[in-house]
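Throughout, numbering of the chain's residues begins at 1 and tracks the sequence. Just so it is clear, the structure is predicted and the values come from calculations on it, not from any experiment.
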Amino acid sequence: MSTMNISLPDSLKAFVDEQVSQRGYGTSSEYVRELIRRDQDRLHLRNLLLAGASSAPTEPVTETYFEGLRERARGAAKVTGKTRSRS
């Protein structure tokens, strides 16, 4: 693992310290790593959304489409043995 040193104004350092103690992080490094991971996830989702928005239009989504999804999910659940009865 690499090391990176950052400088923060006192107000941000106090905020980080508070988040570490209140949210159960062991160190400020754990907190910062979590923030970076979340930012990576956010950027990945943004890129997926932009790719979807710029892709060619597809056929309209209908009830038949959703029923097909349900059937595929039921089939996958049966294969893995994770069926759940409907109430």
Name the atoms and distances for all side-chain donor-acceptor pairs under 3.5 Å in residues 40-47, with sequence neighbours left out.
unit_1, atom_1, unit_2, atom_2, d
Arg42, NE, Asp39, OD1, 3.0
Arg42, NH2, Asp39, OD1, 2.7
Asn47, ND2, Leu43, O, 3.3

Show which side-chain atoms of residues 9-17 pair as donor or acceptor with protein atoms under 3.5 Å away, not counting sequence neighbours.
unit_1, atom_1, unit_2, atom_2, d
Lys13, NZ, Asp17, OD1, 3.0
Lys13, NZ, Asp17, OD2, 2.7

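Note on Ile36: it does not cluster hydrophobically with Met1, by side-chain heavy-atom contacts below 4.5 Å among ILVMFWY residues.
To the nearest 0.5 Å, the span separating OG on Ser28 from CD1 on Ile6 amounts to 7.5 Å. The CD atom of Glu30 lies 6.0 Å from the CZ atom of Arg33; values are rounded to the nearest 0.5 Å. From Leu49, atom CG reaches atom OG of Ser54 across 11.0 Å, with rounding to the nearest 0.5 Å.
In terms of the salt bridge (Lys or Arg N to Asp or Glu O under 4.0 Å) criterion, residue partners of Arg38 (sequence neighbours excluded) are, by chain and number, Glu34.
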Taking it one step at a time, do Tyr25 and Gln19 satisfy side-chain contact (heavy atoms from CB on, under 4.5 Å)?
CA-CA 8 Å; Tyr25 293 99; Gln19 296 306 302; 5.5 Å; no

